[in-house]
Amino acid sequence: MPKRTRAGALTALAGAALAVGTALAAPAAAATAAPKAPGFLKAADLPPRAGTSWTAGKVTAGIPEEVRQDICIGVGLGGGQDSWYRKFRTDLDTSARQVSAELPSVRLAKGRFAKLDEDIVSCADRIEMADPQIQATFQDHGTLPVGDGAHVYALRTVSAWGSSDIRLIALGREGRTVTVVDWGQLGGFVDAPVKAFEKTATTAVNRLH
């Protein structure tokens, strides 16, 4: 009887140890399974800007607050789950950023791409509706033969007090990953380096995986 009791106790202890081991192993497994950030642009990949050079920030998880509030891409990018971003700056008025999202499936990635495309195309009208003192003009620069699709757009905004900004936006997808590259500076359409930006957009999609 005592032997059986001891054997039962040992069995119980072994079971408890196994349970503890499993509990301890679970977070470690979850940590190793954390999503990995896709590849990002480097400073040298951005369109050259006379008189200055590009500086790249760190690849950071989530979506920055200014992107969340962006009327063109904020809603389409979602809440920031499995998303990463990188900011780029110069010593002048030119800046850029890249935001990428890894979706659970290709179907969902296609849906995210379609939503972003719709929001970007309608962005100029929505900007003017939100602020009558701003005039927005949209240009479609067409698709790029890279990955599973990419599109380049330009958006110029002019305020009633005279300021003028030009913005280039590239939207691309490779498999389950969707990326947006956003470039901007003071000026108009004539100041936008469209051809160089198309090369940047192509590099961004190619570098995702």
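Since this is a predicted model, take the numbers as computed values, not measurements.
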Contact summary for G78 and R112, nearest pair of heavy atoms: N-NH1, 4.2 Å
Co-membership, hydrophobic cluster, residues I63 and V180, 4.5 Å side-chain: yes
Cluster overlap F88 with V59, hydrophobic side-chain contacts below 4.5 Å: no
Over all atoms of both residues, closest heavy-atom pair of A50 and L92: O-CD1, 3.5 Å
Euclidean distance, Q139 CD relative to L155 CG, rounded to 0.5 Å: 9.5 Å
Close side-chain approach of D91 and R89, heavy atoms under 4.5 Å: yes
Stepwise side-chain contact (heavy atoms from CB on, under 4.5 Å) test for V178 and L116: CA-CA 10 Å; V178 176; L116 281 163; 3.8 Å; yes
Distance (rounded to the nearest 0.5 Å) between Y85 OH and T60 OG1: 4.5 Å
I120 vs F138 side-chain heavy atoms within contact, under 4.5 Å: yes
Side-chain touch L144/E198, heavy atoms, less than 4.5 angstrom: yes
H151 side chain reached by H141 side chain, heavy atoms, under 4.5 Å: no
Co-membership, hydrophobic cluster, residues L103 and I73, 4.5 Å side-chain: yes
Residue pair D70, R167: steps toward the salt bridge (charged side-chain N to carboxylate O under 4.0 Å, His left out) verdict: CA-CA 13 Å; D70 192 300; R167 181 177 181 184; 2.6 Å; yes
A109 backbone acceptor or donor facing R107 side chain under 3.5 Å: no
Main-chain N/O of P47 paired with W54 side-chain donor or acceptor, under 3.5 Å: yes
Salt-bridge present (K199, D45; N to O < 4.0 Å): no
Connected via hydrophobic side-chain network under 4.5 Å: I127 and V75: no
Verdict with reasoning, K58 to R86, per side-chain contact (heavy atoms from CB on, under 4.5 Å): CA-CA 6 Å; K58 295 181 179 179; R86 189 174 208 176; over 6 Å; no
hydrophobic_cluster_shared for L168 and V181, side chain cutoff 4.5 Å: yes
Distance (rounded to the nearest 0.5 Å) between S100 OG and D82 CG: 12.0 Å
Taking every non-hydrogen atom, the tightest pair across I71 and A130: CD1-CB, 4.3 Å
Rounded distance [0.5 Å steps], CG in D182 versus CD1 in I169: 5.0 Å
Sub-4.5 Å side-chain heavy-atom contact between S95 and T90: no
Nearest non-hydrogen partners of Q98 and L41, listed with the distance: OE1-N, 2.9 Å
Pairing residues for R156 by the side-chain contact (heavy atoms from CB on, under 4.5 Å) criterion, not counting sequence neighbours: V158, S164, I166, F189
Selection residues 129-144 - residue pairs positive for salt bridge (charged side-chain N to carboxylate O under 4.0 Å, His left out), sequence neighbours left out: none
D191 and L186, any side-chain heavy atoms less than 4.5 Å apart: no
Flag for Q133-S159: side-chain donor and acceptor within less than 3.5 Å: no
Rounded distance [0.5 Å steps], CD in E102 versus OG1 in T179: 11.0 Å
Exceeds 12 heavy-atom contacts within 6.0 angstrom, atom CZ of R68: yes
R176 side-chain N/O to V106 backbone N/O, donor-acceptor pair under 3.5 Å: no
D119 to G76 - nearest heavy-atom pair and separation: OD2-N, 3.6 Å
Separation of L77 CG from C72 SG (nearest 0.5 Å): 11.0 Å
From CA spacing to verdict: salt bridge (charged side-chain N to carboxylate O under 4.0 Å, His left out), R49, D93: CA-CA 10 Å; R49 178 70 162 95; D93 61 322; 2.7 Å; yes
Exercise: identify the closest heavy-atom pair between V205 and A150: CG2-CB, 4.3 Å
Pairing residues for E66 by the side-chain contact (heavy atoms from CB on, under 4.5 Å) criterion, not counting sequence neighbours: P64, K87, R97
Check: R207/T203 side-chain N/O donor and acceptor closer than 3.5 Å: no
Flag side-chain contact, heavy atom, 4.5 Å: T200 against W183: no
